[in-house]
Amino acid sequence: MLYALLFLVLAAACDAAMDLIENENYYKSVFSHWDAKFWYKRESWKFAKRIMNYPIDGWHLTKSFKLFFFFMFAYSCAHSEVVKHNLVPFLCVVGAVWILVFNVCYNKLFRL
């Protein structure tokens, strides 16, 4: 379950990063120190290189990592006895952890 928790935390952190680089909050984030042509979604789409029509920029990469970490979280939980026998409390904890990590990253860690 430790790996599952780690994957959940990483997915939530990627989600916070996506939200910060998507709009004008980019300029109030740690990402503003990096190249806007890659990190700021409103600019990066103009300059993004593409692989099979998939744009390679900061927003799309953080989205891909978020999905990867969330799928790994789900896979890690799929055969857990803890999840099978305590589904409702488990889902409440998952929601609480997601909200906590997202808010800490969005409002504190990734802000200037």
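The basis for the numbers below is simple: all heavy atoms, side chains too, and nothing from hydrogens, waters or symmetry mates.
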Could you tell me which non-hydrogen atom of Ala11 sits nearest to which non-hydrogen atom of Lys66, and how far apart they are? O-CG, 3.5 Å

For Trp34, I'd like to know if atom CH2 has over 12 heavy atoms of other residues, nucleotides or ligands within 6.0 Å. yes

Between CZ on residue Phe110 and SG on residue Cys105, distance to nearest 0.5 Å: 4.0 Å

Using a 6.0 Å cut-off, check whether atom CD1 of Ile51 has over 12 heavy atoms from anything other than its own residue. no

So salt bridge (charged side-chain N to carboxylate O under 4.0 Å, His left out) across residues 71-91, not counting sequence neighbours, yields Glu81-Lys84

Any heavy-atom pair between the side chains of Asp19 and Asn25 that's under 4.5 Å? no

If hydrophobic clusters are built from ILVMFWY residues whose side chains come within less than 4.5 Å, do Leu91 and Val82 share one? no

Tyr3 side chain to Met72 main-chain N or O, any donor-acceptor pair under 3.5 Å? no

Are Val104 and Ile99 connected in the hydrophobic side-chain network, where two residues link if heavy atoms are under 4.5 Å apart? no

Is there a side-chain contact between Ser80 and Phe90 (heavy atoms, below 4.5 Å)? no

In Phe69, Phe71, Phe65, the residue satisfying side-chain contact (heavy atoms from CB on, under 4.5 Å) with Leu67 is Phe71

For Thr62 against Cys14, the heavy-atom pair lying closest together: O-CB, 3.6 Å

Shortest non-hydrogen separation from Met1 to Val83 and the atoms involved: CE-CG2, 4.3 Å

Ring centroids only, cut at 6.0 angstrom: are Phe47 and Phe38 within range, meaning strictly under it? no

Within one Ile-Leu-Val-Met-Phe-Trp-Tyr cluster: Val93 and Val101, side-chain cutoff 4.5 Å: yes

Within the side chain of Tyr27, is there an N or O that forms a donor-acceptor pair under 3.5 Å with the backbone of Ser32? no

Assert yes or no for the condition that the ring centre distance of Phe70 to Phe73 is strictly below 6.0 Å. yes

Please indicate whether Tyr54 has more than 12 foreign heavy atoms, meaning atoms of other residues, nucleotides or ligands, lying under 6.0 Å from its OH. yes

Counting only heavy atoms not in Leu112, do more than 12 sit closer than 6.0 Å to its CG atom? yes

How are the rings of Phe68 and Phe7 set relative to one another: parallel (under 30°), tilted (30 to 60°) or perpendicular (over 60°)? perpendicular

Can you tell me how far apart CG (Leu20) and NZ (Lys41) are? Round to the nearest 0.5 Å. 13.5 Å

Is there a path of hydrophobic side-chain contacts, each under 4.5 Å between heavy atoms of I, L, V, M, F, W or Y residues, that connects Tyr75 with Trp98? no

Between the CG atom in Leu10 and the CG atom in Leu5, the distance rounded to the nearest 0.5 Å is 9.5 Å

Ring pair (Phe, Tyr, Trp, His ring centres under 6.0 Å) test vs Phe31 passes for just one of Trp39, Tyr106, Trp59, namely Trp39

Rounded to the nearest 0.5 angstrom, the CG-CD distance for Asp35 and Glu43 is 10.0 Å

Got a second to check how far Glu24's CD is from Arg42's CZ, nearest 0.5 Å? 5.0 Å

Could you give the distance from CZ (Arg50) to NE2 (His60), rounded to the nearest 0.5 Å? 7.5 Å

